[in-house]
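To start, the structure itself, in C-alpha cells.
Just so we're clear, the structure is a prediction, and the values are computed from it rather than from any experiment.
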Amino acid sequence: MAKKQSNTIAEQIEIIGAREHNLKDITLSIPKNKLVVFTGVSGSGKSSLAFDTIYNEGQRRYMESFSAYARQFMGDMERPDVDKIDGLSPVISIEQKTTNKNPRSTVGTITEIYDFLRLLFARIGEAYSYNTGKKMVKFSEEEILNNVFEKYPNEKINILAPIVRGRKGHYRELFEDIRKKGFVKVRVDGEIKDITPKMQLDRYKIHDIEVVIDRLQVKEDMRVRISQSIQQALKMGNDLVFFLLQDSNKLVQYSKQLVCEDTGISYEEPSPNSFSFNSPYGACPHCKGLGSIFSISMDLVLPDKSVSIQDGGLAPLGAERDAGIFQQVKQIAKRNKISLTAPIGEIPEEKLNILLYGSEKVITDLDVDMDDASTGNLYAAQFEGIVPMLKRWFSNKEASPHVQEWVEKYMELKTCPTCNGDRLKKESLWFKIDEKNIAELGNLDLVKLEKWFDHIELRLSNKQNVIAKDILKEIRDRLGFLLNVGLTYLTLNRPTRSLSGGESQRIRLATQIGSQLQGITYILDEPSIGLHQRDNMRLISALENLRDIGNSILVVEHDKDIMLASDYIVDIGPGAGRLGGQVMAAGSPKQILASSSETASFLSGKKTIAVPKERRKGNGNFITIKGASGNNLRNVDASFPLGELIVVSGVSGSGKSTLINETLYPILSQYCYKSKTKPMEYTSVEGLENIDKVIAIDQSPIGRTPRSNPATYCGFFTDIRQLFSAIPEAKIRGYNAGRFSFNVKGGRCDMCEGAGLRVIEMNFLPDVHVPCEKCNGKRYNRETLEIRYKGKSISDVLDMSVDEAIEFFEPIPSLYRKIKVLQDVGLGYITLGQSAVTLSGGEAQRVKLSTELAKRDTGKTFYILDEPTTGLHFKDIQLLLNVVNILVDRGNTVLIIEHNMDVIKMADTVIDLGPEGGSGGGKILFTGTPEKMVKSQKSPTAEFLKLEL
C-alpha cells in the first residue's frame, strides 16, 4: 500500500490547503509530465495558484538549497500560504512581460542566434574592399614566396618594407634609425635614394617611405635569400611587403593581413567582437552601435514660419524676454539687419542661418555683459547659433536631466547616416558569406533567413564547411524553435523593447525548448497572446514537444484551442476576487465539457457571445489614409468608417500595429493635440475634420511604482479623501484632504513614506519589497487611521475590492458612478489600492478604458484598443463588448486590433491584413462586414470566422 502511495505522489503534484490571495483552502492533484491548463474568469485565482503558490514554492525550495552563507546575501523568500506541496520538480516561469527595454537588446541577442552568426562571420566570412568592392586577399610567407617565383621568374626586383604611408613629417630620426640597422637605401615617394647623414624631408608634405631590404634577381638558387628578405620586410612593414620590378617599375604588394590590392586598404583579422554592435571593436563609431541618433529637427525649431522671431517663431528662444540669449540674438539681428518682427518665412535663408548656425566672426560691439550688465562692459564672443547651442547642451553629460529633456523637444530620432541603421562599422559590413553581410541577414524575416541557410553548404568551400558545420547546426536548431512557435515574421535585428508580451514570452519558450531540459515544471502565462488562430497549432505543438521530452507544462490560458488540446484542465471560479478561489472542475477536456462550470458552458457551445442582429451603418463619414508604406505595408489605402465598431484583424506580423498604432494614431494625435510623434510613411489623409478627440488605450502599465493604483489613476481617490476630511472628527482635528494622501507628509507613515512597503537592496539580485513594520502596510500613521467613515479607515477603503466599494459608496452617487465603471469592464475583483505593478497588461488596459468611460465624450471621439481581450475569459469578453457598444452607440468610433473571433464577429466593419506576416504581409485583403468576410477566399482569418457565425 505504501509503495502504491509513493508511486501516486511521484506522478502527481499534490497541493494541500492553498490559501494565497483569494484561494479558498484549495486541495488539488495535478498530473506530472502533462499539459495542464488553469482557466476561469479573470481574477478567479488562476495566477494565485499557478504563480503565487506553485512557482513561488518552487523558487523558495531552490533558495533553500543554497548554503547559509549564500542565503545571507539573498534573504529568505516568504513561504506561500499553503499547507503542503508534494511532487514539485524545479520550476521555470515564462511570463508575459517584455524581455528587455534596453535599445541594444534584439531578438538575435536574446536567442543567441546573433552570437553564433558573429562566430560564423569571424571564421568563414570573406572580406571585400569598401572602396572597390573587390575581394581582399592575404598571404602566408610561403604563399608570397611561391607567388613571386611563379609570376616573376628571372626578373630583377627590389624587396621593400613600407614603414610610412601617407603621413607628414621630416623623419630625420627615422632615417638615422634605419641607417643604424644596416640598411643603405630607402624609397621615398616613389624614388629610391641612398640614406645620408642628417637626411630629412619636407615636414609639411605627405610622404610614403619604404626601406629597401634587398635587391636581387628571382632565381631558384636565390630562394633562401629571398625567403629571408621577405620575412625581414614583413616584420618591419607590419605584415606588408612590396616588390618593385626594376624593368617595368611596377609595384606589387602582398600582406599577411586582409588587404585591397588596388587601394592598399587593410582590415584587421576579424573576431566575433568585430561583428558585435555592443562592442567598441564592431560598433559604428557615430551612433555607438544603436543604429539611430538624436538630431535637431528644423520643423520643431521653426514650427511656424508665419510667426516672427519676436513672437516666438524660434521655438527654443520663445517670445521676446529679458533672457541673456535673447538679448544676444537681438544684437546679432541688429548687426546683420535681420528683422525680428517679420515672419520667419520672409527672412533670407543666409541671414536666418546666422541665427541658427552662428557666425565665425567674433562679435565685439554687443552691449550686453552676460556676467554683469551693470558694468557696461562690452561682451566679446563668437555667436555659436541656436542649433549648435542645443547640440552642446544635449551632449553635455553634466547638464541636468531637465535641460536634456527640454532639448529633446527639438530633436528627433533618425537613422544613423554613417551605418544606415546597420549598427556596425563599415569594415565589419564588408565581410560577406554568399554575398550577404551580417546586417543583411539580421534584417531578413525568420522564414527567409531559414531559406538562406538551406543548402548553404553547397555555396561554401570545403574548408568553410569544415569550420562552419557545428555553428550551422546551432543556428538552424534555434531558428526552427522560433518558427515552431509562430514567430515567422520577426527579424533578428528587431529590438526586444518593441515586442509584445506574447511575442517575448514565445521567444523565451523557444529558448527553453532549445535547452532540452527534462524533469522541469514550466509555468506559462497566456502564451497565445497576440497569436492568430491559424498559428495556434504551432504553439500547441511546441508545448507538446516540451511535455514529451519529460516536463510538466502548466499554462494559465483562456484560449479554446489550447484548452481542448490539453491533457488536464483546472477550472477556477465561480466568480472573481472574493467570489472566486475555488476549483469548479478538474479533469480531462472531455470531463470538463460534461461539467456545469461557466467555462464548460462556453467550450461546449451552450453559451455563446451573440452576434448582433444588424450591423451599424455609421454616420456616413470616413477617415481615409492613402499610400501607407511603413515597415512591411505595401502602399496601402485604408478607409475607416466613423460611428462604427471597426476590428482590424490579420495573422501575426501582417502590419496591423504599423497601420494603426504607428500610422493612423500619430496622424490623429497630430491633428487633435498637435502631437510631435511622427507617423510612418503615407501619402495623404482625408476626413480628419470629422473627429475632435482620439484616445489610444494600450496595455502599458498605469504606473511604474508600487504607489500607483487604480484609485489614484482613475481620479476618484481625491473624492474619497475629501469625504474623509468632511467627517466631523477630521474637522475637529483640523485634517484637510491632503492629510489622507499617502504621497504627502503629515498623514502618511513616516517610515515607509506612504508606500506601505520598504525596499531591501539585494546587492547583485533584484530589490525585494517587504511590508513596512511600523504601519504593517497600511501606509498611514495611527492618527490618520483613527478617522473612520462607516467604521472603515482610509486604509481599509484602499483594501476594498471594486465590488465591495460599490456597495460601500452606493449612497454617494458621484463616487459610486466613477467606481462602477471599473466593475462594468470586468474589474470588480481588483482592490482600489492594488499596486499598478501587479496589474497585468489586460487589466491595466481595462483600468484606462474605465477612466475614459467615466469622462464625457463628444460623440466624435475615436478610440483605439490594442488586443483588449488579453487575460479575459469568455464571460469577461462579453462584459467588455457591452462597454464598447455603449461607446459606439453614443456616436463614437471604436477601432480594435484583435485576433479573438468573438470580437471580430461583433464588428460592424472588419479590415483584414495579410496574407502572411513580415514581408509576406502588408496588404489589405478585405474590408466589410463579417458576413461578407467569410466568403473571402484570400483571408486566413475568414476560415476561423466561419465557425463562429
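- Interatomic distance, CG of Asp637 versus CD1 of Ile625, reported as 10.0 Å (0.5 Å rounding).
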*What's the verdict on side chain to side chain donor-acceptor pair (under 3.5 Å) for Thr491 and Asn493, showing C-alpha distance, side-chain angles and the deciding distance?*
CA-CA 5 Å; Thr491 65; Asn493 286 345; over 6 Å; no

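- Only one option out of Asn892, Leu664, Val894, Ile695 pairs with Phe862 in a side-chain contact (heavy atoms from CB on, under 4.5 Å); it is Leu664.
- Counting non-hydrogen atoms of other residues, nucleotides and ligands closer than 6.0 Å to NZ of Lys351 gives a total above 12.
- In summary, the side chains of Thr909 and Glu644 do present a donor paired with an acceptor at a separation below 3.5 Å, with no hydrogens or angles considered.
- Checked by atom type, the side-chain pair Tyr665/Gln670 shows no donor-acceptor distance below 3.5 Å.
- Counting heavy atoms from C-beta outward, Asp908 and Ile646 have side chains that stay 4.5 Å or more apart.
- With hydrogens and angles left out, the side-chain atoms of Glu898 and Thr869 include a donor and acceptor closer than 3.5 Å.
- A donor-acceptor pair shorter than 3.5 Å can be found between the side chains of Arg616 and Asn885.
- For the ring-ring contact (aromatic ring centres under 6.0 Å, His included) condition, no pair includes a residue of residues 634-662, sequence neighbours left out.
- In this structure, Thr341 and Ser308 approach most closely via the heavy-atom pair O-CB, 3.2 Å.
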Can you give each donor-acceptor pair under 3.5 Å made by side-chain atoms of residues 910-926, sequence neighbours left out, with the distance rounded to 0.1 Å?
unit_1, atom_1, unit_2, atom_2, d
Asp912, OD1, Ser649, OG, 2.6
Asp912, OD1, Gly650, N, 3.3
Asp912, OD1, Thr941, OG1, 2.9
Asp912, OD2, Ser939, OG, 2.5
Glu916, OE1, Arg534, NH1, 3.1
Glu916, OE1, Arg534, NH2, 3.2
Glu916, OE2, Arg534, NH1, 3.3
Ser919, OG, Asp445, OD2, 2.7
Ser919, OG, Lys448, NZ, 3.3

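- Rounding to the nearest 0.5 Å gives a distance of 6.5 Å between CG of Leu688 and CG of Leu668.
- For Glu689, the CD atom sits in a packed shell: over 12 heavy atoms of surrounding residues, nucleotides or ligands are nearer than 6.0 Å.
- Annotation: the span from Glu662 atom CD to Glu681 atom CD amounts to 10.0 Å, rounded to 0.5 Å.
- The structure places CG of Asp422 at 7.0 Å from CG of Leu424, a figure rounded to the nearest 0.5 Å.
- Around atom NZ of Lys305, no more than 12 heavy atoms belonging to other residues, nucleotides or ligands sit under 6.0 Å away.
- Distance CD1/Ile697 to CG/Leu849: 4.5 Å, rounded to 0.5 Å.
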*Can you list the steps and then say if Ser850 with Arg846 is a side chain to side chain donor-acceptor pair (under 3.5 Å)?*
CA-CA 6 Å; Ser850 69; Arg846 280 177 286 151; over 6 Å; no

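- For the atom pair CG of Leu492 and CG of Leu446, the computed distance is 6.0 Å after rounding to the nearest 0.5 Å.
- Taking the ring centroids of Tyr114 and Phe121, they lie at or beyond the 6.0 Å cut-off.
- In the displayed structure, Met537 atom CE is contacted under 6.0 Å by at most 12 heavy atoms of other residues, nucleotides or ligands.
- Side chains of Ile897 and Asn661 form a contact here, defined as non-hydrogen atoms less than 4.5 Å apart.
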